[in-house]
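Input: a single structure, listed below in C-alpha cells.
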Amino acid sequence: MKRAGTRRSPENWIFSPRNEKGKTMSGKASVIGLGKLGSPLAACLAAKGYSVIGVDTDVKKVEALREGRAPISETGLAEMIIGARERLTATQNIEEAIAGSEITFIVVATPSEPDGGFSLRYAIPACRAIGAALRRKKDFHLVVITSTVMPGMTGGPLKQTLEEASGKRCGADFGLCYGPEFIALGSVIRDFLNPDFVLIGESDARSGEILESLYGKVCENYPAVARMNLINAEIAKLSVNAYVTTKISFANMLARMCEKLPGADVDVVTSALGMDTRIGRKYLKGAVSYGGPCFPRDNQALAALAKSVGAPADLAKATDLFNRGQVTWLAEEALEAANGEAVGILGLTYKPNTDVVEEAAGYLLAQELAKRGAQVTVYDPSGMANSRHVLEGKVTFAASAAECIEKSGAVVVTTGWREFSEIPAKVWARTGAPRRVLDCWRELKNLEGVEGVKYVRLGNGGAGVLLMQTV
Ligand SMILES: NC(=O)c1ccc[n+]([C@@H]2O[C@H](COP(=O)([O-])OP(=O)(O)OC[C@H]3O[C@@H](n4cnc5c(N)ncnc54)[C@H](O)[C@@H]3O)[C@@H](O)[C@H]2O)c1
C-alpha cells in the first residue's frame with residue numbers, strides 16, 4: 001500500500017489531472033450509469049471543473065441530465081446539476097462518451113446473487129462497449145470501476161473483457177483502477193466531496209496517480225489516500241462496510257440489553273464507548289437494524305468471499321444473523337405494545353433524507369407485522385412510493401404522520417426523520433388507554449410524561465434499581 005494515511009495540504013495539492021507525459025489533461029470524464037451514485041458523481045466532477053459525459057441505458061435519466069434535471073432524487077443534486085450545466089451532458093452511446101473523455105467511471109448496478117456475491121451482468125456489457133470504443137482511440141484512457149464488485153473481478157473478468165474488446169493491453173495502452181465510494185444516500189454529494197479517505201486499487205502506478213490527482217482536484221477535505229493493487233482495494237471496500245455493520249450491531253446488542261436493565265441507558269453507555277479512540281463514536285447508536293443498498297449486501301459478500309476460499313467468516317455471518325433478528329424482535333415488541341390494536345409505523349426509509357427503502361427496518365417491520373396478521377398503518381415523508389409495490393394491499397398508507405398516529409394504538413418510530421420529533425405532543429395523546437409509542441431512536445423528547453401517551457424509549461431500561469440475585 002502506498003501513501004495510506006498521507007494528508008494533502010493545500011500547498012502540495014495537485015489541481016489538474018496529468019497524463020503520462022506530464023501534460024495537464026483537459027479534465028474530461030465520463031460516467032457510465034447515472035443511478036443513485038453515478039448521477040451525483042457526474043454532477044460533482046462537473047461542479048469541480050471537469051467536462052462530464054454521463055451515459056445510461058435508461059433514456060429517461062439521459063434526457064433528465066440533458067435538460068438540466070436530476071435523474072434521481074438526492075440532496076443538493078438538482079441545484080448542483082443546474083450550476084454545472086454547461087459542463088454536463090448525457091448520452092446513451094458509450095462510444096461517444098469514451099471518445100469525448102480521458103477517464104471513465106463505471107457505476108452500473110451490481111446486484112447481489114443468491115450466494116451473496118455480486119453480479120457483473122451490467123458491468124461486463126459496459127466494459128465490452130468501452131473496450132470496443134477504446135479500439136478506435138489512440139490516447140491513453142483510464143477506466144475506473146466504482147461499482148462494488150467481488151474481489152478478483154476488476155483484475156479478472158472486467159480487465160479481460162476490456163482487453164479483448166479493445167485489442168489493447170491494460171497498464172500500457174489503457175489503465176484500470178478500482179475506485180469505490182463510501183457514501184450514504186441522502187448525503188452522497190457531501191460524502192463524495194469529503195471522504196474519510198480515498199481508496200484506490202490500481203493496475204499500474206500511472207493509473208493510480210491519475211485517479212489520485214482527480215480526487216485531489218475534487219475533494220474538499222484533503223483526504224488520506226490509500227493506493228494498492230486491485231484485489232486489496234476490493235477486499236478493503238467490503239471490509240470497511242462489513243466492519244461498520246458489526247459496530248452497528250454491537251450497539252444494537254447493547255440497546256437490547258440496556259432495555260432490560262432498570263436505570264440503564266444505551267446512549268450513555270455508547271457515548272462513553274465512543275470516547276475510546278480505538279472504537280470511535282460514529283455508527284455507535286443502538287437502534288434498529290442496518291439497511292440500505294450497501295451495508296447488508298457488503299457484509300454478506302464478505303462472508304461469501306470467505307466461504308468461496310474456505311476461510312471462516314463467522315463474525316460477518318453473526319452480524320447478519322443478529323441484524324435480521326432485530327426485525328423479528330421489533331415486531332414482537334410492537335405487537336405486545338399494540339395489545340390487539342392497530343400498529344403504526346413512522347419511517348420506511350433506511351435513514352432520513354432518502355427515498356430508499358431497501359432492507360430498511362420500518363419497511364421490513366411492516367412486512368413482518370402484516371405477515372403476522374396485524375393491522376398496520378405506515379407513513380414516511382419520502383419512502384411511500386418505493387414501498388407500494390411490496391406493501392400495497394397489506395398495510396394502510398396514511399397521508400400524514402398525524403393520520404398514521406391517529407389510526408394506531410401503538411406507533412413504532414423506525415426512521416429518525418426530523419419531522420417526527422417535531423410533531424406536537426397533543427397529536428400523539430389520546431383519551432382512554434394511552435397510545436403506546438416505541439421510539440427506536442429516542443428522539444421524541446417532547447413525549448416524556450405526556451398524558452395520554454405511554455412513551456417507550458427503546459434501549460432504555462427506565463427508572464428503577466436492578467435487584468441482582470446473589471448466590
Ligand atoms: N447507492 C449507494 O448507496 C452505493 C454506495 C456505494 C457503492 N454503490 C455501488 O455503486 C453501483 C451503482 O449503484 P447505484 O445505487 O447507483 O445503482 P442504480 O441501480 O441506482 O444505478 C445504476 C444505473 O446503471 C445503469 N446501467 C446499467 N447498465 C448500463 C450500461 N451498460 N450502460 C449504461 N448504464 C447502465 C442503470 O440504468 C442505472 O441507471 C453498485 O455497484 C453499488 O453497489 C452504491
Side-chain angles (χ1 to χ4, degrees), residues 30-44 53-65 70-75 77 90-98 104-113 116-133 143-151 153-154 158 161-162 165 178-192 195-196 198-199 233-234 236-238 240-242 244 290-302 349-351 353-360 386:
S30 50
V31 177
I32 317 289
L34 297 172
K36 296 181 285 295
L37 179 56
S39 282
L41 173 60
C44 286
I53 308 174
V55 184
D56 207 292
T57 43
D58 179 349
V59 67
K60 284 195 189 133
K61 291 195 174 100
V62 169
E63 272 170 11
L65 206 55
I72 52 106
S73 144
E74 178 56 44
T75 311
L77 181 60
T91 174
Q92 283 183 281
N93 185 330
I94 286 190
E95 175 157 13
E96 198 185 302
I98 300 304
T104 298
F105 292 84
I106 302 183
V107 203
V108 300
T110 48
S112 292
E113 301 276 25
F118 301 128
S119 164
L120 294 178
R121 66 176 181 266
Y122 301 109
I124 291 280
C127 285
R128 203 173 291 129
I130 292 167
V143 179
V144 182
I145 310 293
T146 298
S147 297
T148 310
V149 296
M150 288 303 278
M153 295 301 108
T154 305
L158 297 176
T161 305
L162 286 165
Y178 179 63
E181 292 297 333
F182 299 98
I183 51 90
L185 298 179
S187 55
V188 179
I189 291 175
R190 190 191 63 204
D191 297 348
F192 176 74
D196 269 357
V198 169
L199 177 59
E234 291 164 326
K237 150 63 163 115
L238 294 185
V240 167
N241 280 349
V244 174
Y290 58 80
C294 285
F295 282 160
R297 73 191 207 107
D298 282 8
N299 172 281
Q300 288 159 16
L302 195 70
T349 54
Y350 82 100
K351 62 184 283 301
N353 306 320
T354 175
D355 61 359
V356 173
V357 299
E358 202 175 331
E359 301 280 325
N386 288 340

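Just so you know, ligand 1 is whichever comes first in the structure, and atom 1 is the first atom listed for that ligand.
- The two residues Glu359 and Gly292 have their closest heavy-atom pair at CB-N, 3.9 Å.
- The side-chain hydrogen bond (donor to acceptor under 3.5 Å, both in side chains) check on Thr354 picks up nothing, with sequence neighbours excluded.
- Closest protein heavy atom to atom 24 (O) of ligand 1: Gly33 CA, 3.5 Å.
- Not a single heavy atom of Gln92 sits under 4.0 Å from any atom of ligand 1.
- Per-atom contact check: atom 41 (O) of ligand 1 touches the protein, criterion being a heavy-atom distance below 4.0 Å.
- Close approach of ligand 1 to Leu185 (heavy-atom distance below 4.0 Å) involves ligand atoms 1 (N), 2 (C), 3 (O).
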Trace of the side chain to side chain donor-acceptor pair (under 3.5 Å) decision for Thr161 with Arg128: CA-CA 6 Å; Thr161 305; Arg128 203 173 291 129; 5.7 Å; no

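- Ala109 N, 3.6 Å is the protein heavy atom nearest to atom 22 (C) of ligand 1.
- Pro111 is listed as a side-chain neighbour of Tyr122, based on a closest heavy-atom distance under 4.5 Å.
- The heavy-atom pair separating Asp56 from Val62 by the smallest distance is O-CG2, 3.4 Å.
- In summary, the atoms of ligand 1 found under 4.0 Å from a heavy atom of Pro293, numbered by their order in the structure, are 1 (N), 2 (C), 3 (O).
- Between Phe182 and Leu199, the closest side-chain pair of non-hydrogen atoms falls below 4.5 Å.
- Residue Ile32 approaches ligand 1 through these ligand atoms, each under 4.0 Å from one of its heavy atoms: 32 (N), 33 (C).
- Checking Arg128, Lys36, Lys60 against atom 18 (P) of ligand 1, the nearest heavy atom belongs to Lys36.
- Annotation for Val107 and Gly38: closest pair CG1-N, 3.7 Å, computed over non-hydrogen atoms.
- Counting heavy atoms from C-beta outward, Thr110 and Ser119 have side chains that stay 4.5 Å or more apart.
- Here atom 11 (C) of ligand 1 lies nearest to Val108 when heavy atoms of Val149, Asn241, Val108 are compared.
- The distance criterion of under 3.5 Å between nitrogen or oxygen atoms is met by Leu37 with respect to ligand 1.
- For Thr148, a nitrogen or oxygen atom sits less than 3.5 Å from a nitrogen or oxygen atom of ligand 1, counting backbone and side chain alike.
- Note on ligand 1: Cys294 sits in its first shell, one or more heavy atoms being nearer than 4.0 Å.
- Between Arg297 and ligand 1, at least one pair of N/O atoms sits closer than 3.5 Å.
- Ranked by closest heavy atom to atom 12 (C) of ligand 1, the top entry among Val107, Thr354, Asp298 is Val107.
- With sequence neighbours left out, the side-chain hydrogen bond (donor to acceptor under 3.5 Å, both in side chains) criterion links Thr154 to Glu234.
- Close approach of ligand 1 to Lys61 (heavy-atom distance below 4.0 Å) involves ligand atoms 38 (C), 39 (O).
- Using a 4.0 Å cut-off between heavy atoms, Glu181 contacts ligand 1 through its backbone alone, with no side-chain atom that close.
- Looking only at heavy atoms of the protein, atom 21 (O) of ligand 1 is closest to Gly35 CA, 3.2 Å.
- The single protein non-hydrogen atom nearest to atom 37 (O) of ligand 1 is Asp56 OD1, 2.6 Å, given as residue, atom name and distance.
- Ranking protein heavy atoms by distance to atom 30 (C) of ligand 1, first place goes to Thr57 CG2, 3.7 Å.
- Close contacts of ligand 1 with Thr110, meaning ligand atoms under 4.0 Å from a residue heavy atom, involve 40 (C), 41 (O), 43 (O).
- Contact of the Asn241 side chain with the Asn299 side chain is not registered, since no non-hydrogen atoms from C-beta on lie closer than 4.5 Å.
- One N or O on the side chain of Ser147 and one on the backbone of Val108 form a donor-acceptor pair closer than 3.5 Å.
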Side chain to side chain donor-acceptor pair (under 3.5 Å) evaluation trace for Ser30 with Thr104: CA-CA 5 Å; Ser30 50; Thr104 298; 2.8 Å; yes

